[in-house]
Structures are given as C-alpha cells and as structure tokens.
Amino acid sequence: MNVSNTKLLLATLIAAAITGCGGAPTDETGGTDTQNQATVIEAVGEIDGFGSVIVNGEHYETDDAEVEVDGEAGTEDDLEVGMIVEVEGEEGSDGKKKARKIHFRSRAAGTIKSIDVEARSFVIYKKSILIDDDTKLDEAIDEVTLAPLAEGVKVRVSGYRNADGDIVATRIDLRDGEKPARMHGEISSVDPVAKTFVIGEQTVDYSGAEIKGTEEDLVDGLKVMVYGQVEDEVLVASGVKVLVKKERPVKPKRVALKGQIKIDEEGNVTLNDRVLVGLDEAEIINGEAHELENDVRVSVKGTLSENGEIVVKVLKFEMATVFRLMGEVEAVDTEAATITVKEKVISITDDTDFVDRGHGKVRRFSIDDLAIGDKVSVGGYVDKNETAVAKRVTRIAADKMKQRRGRIHDTIDSVDGDTLVTSDGLTVKVTEETKIAESLDLAMITLGEDGDKLAIMGVYEDENTLVAKYITTLNFRPKKDREPRNRKDHDSKMKDIEKRIKAIETKMEKPNAMTEEDEKDVEGRLKDLKDRIAERKSKMSEEKRKHIHERCRKLKEKLAKRRAMRPKSKENMQARIDALIAKLEESGKLEELMIDLEALKAKLENRDQLTDEEKAALREEIKAIKEAIGLKREKLEPEDRAALKAQLDELYKQLKENSQGDMDPALREELVAQIKAIKEQLYPHHKSGRPHFPKRDKHKNKMPPEEGGTEEAMS
C-alpha cells in the first residue's frame with residue numbers, strides 16, 4: 001500500500017473513531033420531543049431587524065408577545081434595531097419560533113453631562129458612553145458630527161459594559177425631556193441609614209422611592225432598575241424595581257445569547273452571568289476557544305444543564321467592522337444572499353442588520369426590499385475566505401449621501417500629491433488634518449492589486465470621494481470586536497502599551513512552534529505597538545523609552561526564531577510519522593492493521609444505528625488498534641512508578657556529585673544508559689532518551705544546590 005495513503009487513512013480513521021464514539025450528544029434542541037411539545041427558548045442579544053423581531057439572526061413571531069420597555073407596557077413599534085433585549089419564547093416542532101415576552105431595559109437614560117465628538121464619547125451619570133462603528137444612532141443624530149448630541153441633551157442608551165466599566169453603546173436614542181431618568185445595573189455600597197446605594201459610580205438616593213420588592217432586598221450585588229431625576233449629581237429615585245430572575249424548568253430550555261465574555265479568577269468563562277461549558281466540543285466560528293478573553297463579543301447557541309450552565313453547541317466570535325462603503329446597489333441576488341455595491345459582491349447573513357433611512361422608511365426592511373439603484377451605506381468585515389460580509393446595510397435618501405463616515409481596507413493604484421486612488425476606484429483626499437501613522441510613508445508604498453494594504457478612515461464627500469481622517473498600514477485583519485476605549489491621559493496610555501507588550505510576551509511563551517497565522521498576528525501587534533510608542537515617545541523618560549524598545553527588540557528576535565522553528569517542527573512530525581509507518585512495516589503488522597482499520601471504517605459509517613453494547617465493543621476494537629500502533633502505552637502501577645523515580649533520583653545524584661570533578665567516561669556512559677532506560681519506562685513517548693541535566697547557574701561556575709532530586713524538580 002502507498003505510504004502516503006496509509007498515513008492519511010491512519011489519521012482519518014483514528015480521528016473518526018475517537019470523535020464517533022466519544023463525542024458530545026447530537027441533540028440540538030436540548031429537550032424537544034416527538035409529541036409536538038414546544039422547546040422553551042431564552043435569547044439575549046441585539047435586535048437585527050424586523051419581519052417579526054430578529055434577535056441574534058433568529059426570527060421570533062410577536063403576534064401574542066408581551067412587550068415591555070423600561071418596565072412599561074409597549075408594542076413591537078417601540079423596539080428599534082440595536083436594542084439589547086431579553087426574549088422568552090418557544091420553538092415548535094415545525095421550527096417556528098414564537099416570542100412570549102420581550103423585555104428591553106436601557107443601560108442608562110438621562111442628561112448628557114459632557115461630550116467629546118472627536119473621541120466619539122460622552123458622559124452620563126459619571127459613566128463614559130463610547131460610540132463604535134457598530135453603534136446604531138437615532139435617525140435625528142448625525143453620524144459624523146453627532147449633532148444634536150450636546151451637554152444638557154437627554155438620551156437613552158443600550159449597550160455593554162467593557163472591562164474599564166465604560167458602556168459601549170449598541171444604540172443611542174434622543175428622549176422626550178419630560179421622561180424620568182433611568183438606569184439599571186448591580187448595586188453596591190448600600191447604606192440603609194442614609195438610604196443610598198451606588199450603581200457604577202452613580203450615587204442613588206432611594207429615601208423617597210417606591211420599591212417593588214422590600215427594602216431588605218437591597219443588598220450589594222442585586223440588579224435593579226431605577227427611575228428618578230438627577231439633583232446635584234445624585235440620582236433621586238422615585239422608583240426602584242428589583243430585577244429578580246424567575247426560576248423556570250431548566251432541562252428543556254435552549255438558549256441563544258450575544259454579549260461579552262468574562263473570565264473569573266477561577267478561570268470560568270461566562271456570558272451574561274452564565275458559565276459556558278463544553279467549549280472543547282463546540283463548533284467555533286471565526287476563531288478558536290483559546291482566544292476567548294475578557295470583553296470579546298460573541299454569540300452562543302446551546303442548552304442549559306440542570307445546574308444552570310450553558311452547554312455550548314455553537315460559539316461565534318463577532319467580527320470587527322473593517323469596511324464602510326457607500327454607493328448605489330448594482331445587483332441583488334436573493335437566492336445567493338448577496339448584493340453588489342461599487343463592483344464589490346457582499347454577502348448577507350442572518351446577523352446582518354437592515355435599516356431604512358430612505359424616503360420610504362420601511363420598518364420591516366430586508367434584502368427583499370432592496371432594488372438596483374438604491375443608495376446604501378454598508379459596513380462589514382472580510383472572512384477567512386476573503387469574502388466581504390455585511391454587518392449592517394442602511395438605505396439612505398439620495399439627498400443625504402454626503403457626510404457619512406467611511407472605512408476601507410484596500411490597496412492603492414496611484415498617488416498624485418494629496419490624492420490617492422484605491423484599487424476599487426475610490427478617490428481618497430489627504431488634508432492637513434489627516435493623521436498618518438509614523439510607520440507609513442505614502443511615498444514608499446507599493447502600488448497595485450498586490451501592493452501594501454492600507455486602513456483608511458474618514459468621511460465621504462460624495463459616494464466616490466473619501467476625505468481621510470486617519471491612514472495606517474494594514475498587515476493583519478482584525479478578527480474580533482475590540483471594544484473602543486475612551487480618550488486617556490498619558491499614564492493610562494502607557495499602561496495600555498505595557499498591557500499590549502505583556503500580551504505579546506505571553507503569546508510568545510507558548511512552547512510549540514508558531515503557525516503562519518500566529519506569526520502574522522504577532523507581526524501586526526508589533527507594528528501597532530510601534531505606532532503607539534511613537535505617539536508617546538516625546539512624553540516618555542529616556543530610561544522608560546529604552547526599556548520598552550529593548551522588550552520590543554527581544555520580541556522581534558523571538559518571532560524570527562519561532563518562524564525558523566515552524567518548518568523544523570513540521571519536519572520532526574513528518575519524521576515521527578515515517579518512523580511509525582516503518583516500524584509497522586518492519587513488524588509485519590501493517591497489512592493486518594489496515595484490514596482492521598478498513599473493517600472499523602465500515603462500522604463507523606453506521607455508528608448511529610449501533611446499540612450501546614455494540615458501541616462498547618467498537619471502543620474496545622479502537623483501544624486494541626491504538627495499542628498496536630503504539631498510541632496507548634502500558635500504564636505503570638503507582639508503586640512501580642515511585643520505585644523507578646527513586647532509582648532515577650539516585651542516578652541523578654551520582655551524576656551530579658561526579659560532575660564537579662573528572663568523571664570516569666565508562667562510569668558516565670553507564671549512568672547515562674541507566675537513566676535513559678528508566679526514562680523510557682517512565683516516559684515512553686518522550687522525544688529523547690537523553691538524561692535531563694540540571695541547569696547551571698548563569699552567574700556562577702557551579703551547579704545550583706540540590707532541591708529535591710526528582711526529574712520534575714530538576715526540570
């Protein structure tokens with residue numbers, strides 16, 4: 001049999017065997033039975049559109065739904081795209097989903113205390129509200145100037161809290177001046193004598209409030225909704241509603257959530273205060289499980305376990321917006337779910353938000369309502385297949401095409417003074433106000449389709465002209481949402497630089513050789529650091545500057561070494577596979593093993609029809625095959641392993657004592673052989689039979705003092 005085919009079949013069948021007989025259960029609904037019994041659904045996330053109500057890409061019929069907006073009865077017409085809502089519903093055997101209850105609670109509603117248009121943030125209740133590329137704005141708010149937002153204007157905000165405690169807005173609406181201030185969140189510093197507590201940094205006086213619940217319920221960590229008016233920077237509450245989650249049967253419930261990941265001190269990964277489990281077996285989209293970290297925005301589908309944990313079936317990283325283009329719709333393909341704008345084919349998904357700002361202002365707006373010639377603004381990302389995917393499509397009136405924010409990632413065809421022309425034919429104007437990254441020299445960039453890719457942010461003068469606000473190189477594609485941060489002082493920015501350096505250092509400490517994707521990621525982070533350091537350079541001390549540059553230099557050297565290791569690591573793996581095949585051929589077991597594997601393959605193809613007893617027998621066959629090819633070693637008894645380790649300790653001790661002087665070569669050879677033999681018994685899959693010598697002290701020409709003697713301690 002051809003050796004390469006043997007390798008492929010070995011790898012494929014063994015992987016299939018392990019997955020097929022030891023994988024997760026295939027039930028996708030978490031409790032739907034065959035008697036037309038509906039499955040309970042809990043969903044939390046942003047409204048993507050209407051046609052019913054679309055949350056996290058799923059449609060919920062709302063004919064009989066109870067809608068609540070900030071604690072008051074409402075209708076579907078009170079809901080808007082971008083609001084974060086809680087949906088209680090059910091899914092029938094026909095797959096249709098119905099909402100029983102839809103709750104929206106604004107993160108904050110009140111008066112703007114201060115605003116920074118350049119930083120795209122404002123302050124309300126002593127809390128910074130940050131606006132990013134995915135924030136949906138009230139139709140009356142200009143997305144470039146943010147007018148009429150200003151000090152004293154009343155707004156309602158929906159959003160997530162980031163690690164800094166700021167609110168990243170998903171939607172901002174103007175409010176009627178007569179409506180009371182509102183906010184919700186966890187309370188702390190409860191003072192039952194003064195009758196005050198704190199939400200975030202905002203002090204709340206509940207002395208005259210109507211409390212839905214009892215005063216004794218007000219304890220630190222409780223979630224509440226507060227209504228009232230701000231007086232002398234204190235929110236004087238007229239009402240406090242305790243948000244107690246109703247206990248419902250857990251087992252039949254399926255969940256679909258969107259939010260920000262939090263990781264506690266014990267390493268538990270949580271989403272919306274629910275612990276996520278089963279990530280190793282879940283389908284991960286747009287990333288990998290080990291990339292989960294605080295504030296990464298994801299959507300999750302799964303079921304609830306009996307103890308309230310989410311058993312994850314699918315986890316999807318929410319991608320960052322990397323382009324915002326404007327133009328006419330040139331083609332619409334509803335079957336393929338694509339639209340074409342400025343000769344760019346853009347995919348539409350269930351998560352794409354549709355908003356109509358045209359003269360018709362269709363509420364239940366979707367791809368079916370788009371027509372050739374419609375003026376649209378499209379924001380989205382580029383997936384791993386280099387496909388442009390829309391996160392948001394906004395239809396706009398022809399007379400409002402000017403002054404809309406733009407963002408492109410593109411190569412440049414030509415440079416003529418202060419004018420750039422992209423490969424997509426867009427004209428980019430560079431002005432005195434344009435900020436250009438220090439690592440970028442426009443006179444030196446490579447032109448053409450395969451040239452240097454730039455990230456350009458600005459404002460559309462018209463649909464074919466973008467006035468640049470900021471230009472930088474783009475050496476890696478942003479993978480996931482990174483929450484915006486408010487404009488910070490020098491100390492805060494230096495802490496951010498230190499944090500980024502530490503993150504790269506941690507990534508570089510991984511023991512295995514890096515993948516090509518890892519290398520590009522680190523290279524992109526280092527170039528981003530270079531710009532940030534250059535921005536702060538004039539305000540750093542000479543000592544601090546040298547320290548940071550030295551750390552960055554070492555990281556670049558490590559990256560170069562890791563790059564050199566990658567092909568070598570691949571060669572080592574190939575050599576080990578070749579050695580295994582050769583060993584099997586030499587033993588005469590290869591043909592016999594391949595016959596067993598072919599029979600196993602036939603059984604695996606029908607594993608769904610096997611009984612529990614047949615599956616158990618199949619697992620025993622897999623175990624026998626794994627032992628035959630050396631994938632499973634004979635397990636040592638604890639007392640045998642302890643005895644071998646004691647022998648190893650004694651041999652290391654002898655080797656250490658004699659290493660100080662001239663050692664008889666014959667004795668050394670005998671000791672090395674004994675150590676190697678014992679290590680092969682203890683660690684049969686160790687890549688080397690050589691003894692592990694204790695490291696010498698870098699500063700003294702002598703061995704370090706004895707610390708225990710075992711191989712693990714000396715390692």
Side-chain angles (χ1 to χ4, degrees), residues 114-122 130-133 135 137 141-151 320-327 342 377 379 400-448 451-475 478 484-490 492-494 496-497 524 527-540 545:
S114 63
I115 186 168
D116 186 337
V117 175
E118 185 67 23
R120 299 186 70 75
S121 69
F122 57 86
L130 311 182
I131 303 171
D132 68 7
D133 284 322
T135 303
L137 300 175
I141 301 174
D142 187 282
E143 69 169 30
V144 177
T145 65
L146 299 183
L149 297 187
E151 183 178 342
T321 295
V322 298
F323 69 81
R324 286 169 63 96
L325 57 87
M326 185 173 66
K342 301 186 79 66
S377 173
K400 295 184 178 180
M401 288 286 283
K402 293 184 179 181
Q403 292 295 301
R404 298 192 72 87
R405 298 178 71 229
R407 176 192 289 264
I408 59 171
H409 287 182
D410 207 349
T411 55
I412 304 299
D413 267 356
S414 66
V415 179
D416 184 7
D418 293 334
T419 302
L420 315 178
V421 178
T422 71
S423 296
D424 288 339
L426 181 70
T427 298
V428 178
K429 287 185 178 181
V430 180
T431 70
E432 293 181 355
E433 297 179 355
T434 304
K435 296 178 182 177
I436 301 177
E438 289 194 20
S439 58
L440 172 63
D441 184 349
L442 290 177
M444 299 295 290
I445 62 172
T446 306
L447 303 177
D452 296 323
K453 184 169 282 191
L454 304 183
I456 305 174
M457 286 143 279
V459 176
Y460 281 102
E461 189 175 80
D462 56 55
E463 63 181 282
N464 295 312
T465 307
L466 182 70
V467 179
K469 295 287 187 183
Y470 184 69
I471 305 177
T472 186
T473 54
L474 183 71
N475 298 294
R485 295 291 187 261
N486 206 352
R487 180 170 287 179
K488 300 177 180 177
D489 58 22
H490 174 70
S492 298
K493 289 190 176 182
M494 288 306 300
D496 183 57
I497 288 173
K527 289 191 176 182
D528 176 62
L529 260 178
K530 182 178 179 181
D531 286 338
R532 292 174 185 272
I533 292 169
E535 180 189 349
R536 296 281 102 200
K537 184 168 65 173
S538 61
K539 297 187 178 182
M540 288 187 216
R545 187 161 58 247

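What you see is a predicted model, and the numbers here were worked out from it, not measured in a lab.
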Shortest non-hydrogen contact from [X] toward [Y]:
{"X": "P148", "Y": "I141", "answer": "CD-CA, 4.1 Å"}
{"X": "T411", "Y": "S423", "answer": "OG1-OG, 2.5 Å"}
{"X": "I115", "Y": "E151", "answer": "CG2-N, 4.4 Å"}
{"X": "A468", "Y": "T434", "answer": "O-OG1, 2.7 Å"}
{"X": "V117", "Y": "T145", "answer": "CG1-O, 3.6 Å"}
{"X": "G327", "Y": "E463", "answer": "CA-OE1, 3.7 Å"}

Distance, nearest 0.5 Å, that separates [atom1] of [X] from [atom2] of [Y]:
{"X": "D462", "Y": "M326", "atom1": "CG", "atom2": "CE", "answer": "7.0 Å"}
{"X": "I497", "Y": "M540", "atom1": "CD1", "atom2": "CE", "answer": "4.5 Å"}
{"X": "I471", "Y": "I445", "atom1": "CD1", "atom2": "CD1", "answer": "8.5 Å"}
{"X": "I456", "Y": "I436", "atom1": "CD1", "atom2": "CD1", "answer": "9.5 Å"}
{"X": "L426", "Y": "D413", "atom1": "CG", "atom2": "CG", "answer": "11.5 Å"}
{"X": "R404", "Y": "L325", "atom1": "CZ", "atom2": "CG", "answer": "12.0 Å"}

Any sub-3.5 Å donor-acceptor pair from [X]'s side-chain atoms to [Y]'s backbone N or O?
{"X": "D452", "Y": "T446", "value": "yes"}
{"X": "T465", "Y": "T427", "value": "no"}
{"X": "R324", "Y": "D133", "value": "yes"}
{"X": "E143", "Y": "L137", "value": "no"}

Could you walk me through whether Y470 and M457 pass side-chain contact (heavy atoms from CB on, under 4.5 Å), step by step? CA-CA 5 Å; Y470 184 69; M457 286 143 279; 3.5 Å; yes

4.5 Å side-chain heavy-atom contact, [X] and [Y]:
{"X": "L454", "Y": "L442", "result": "yes"}
{"X": "T422", "Y": "L466", "result": "no"}
{"X": "I533", "Y": "R545", "result": "no"}

Would you indicate whether K530, at its atom NZ, is surrounded by more than 12 heavy atoms from other residues, nucleotides or ligands within a distance under 6.0 Å? no

Using side chain to side chain donor-acceptor pair (under 3.5 Å) as the criterion, list what pairs up with K469, not counting sequence neighbours.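 Partners of K469 under the side chain to side chain donor-acceptor pair (under 3.5 Å) test: none.
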
So, T419 and D416: side-chain donor and acceptor under 3.5 Å apart, yes or no?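 The answer is no; no qualifying pair exists.
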
Pairs satisfying salt bridge (charged side-chain N to carboxylate O under 4.0 Å, His left out), at least one member in residues 423-432, at least two apart: K344-D424, K429-E461

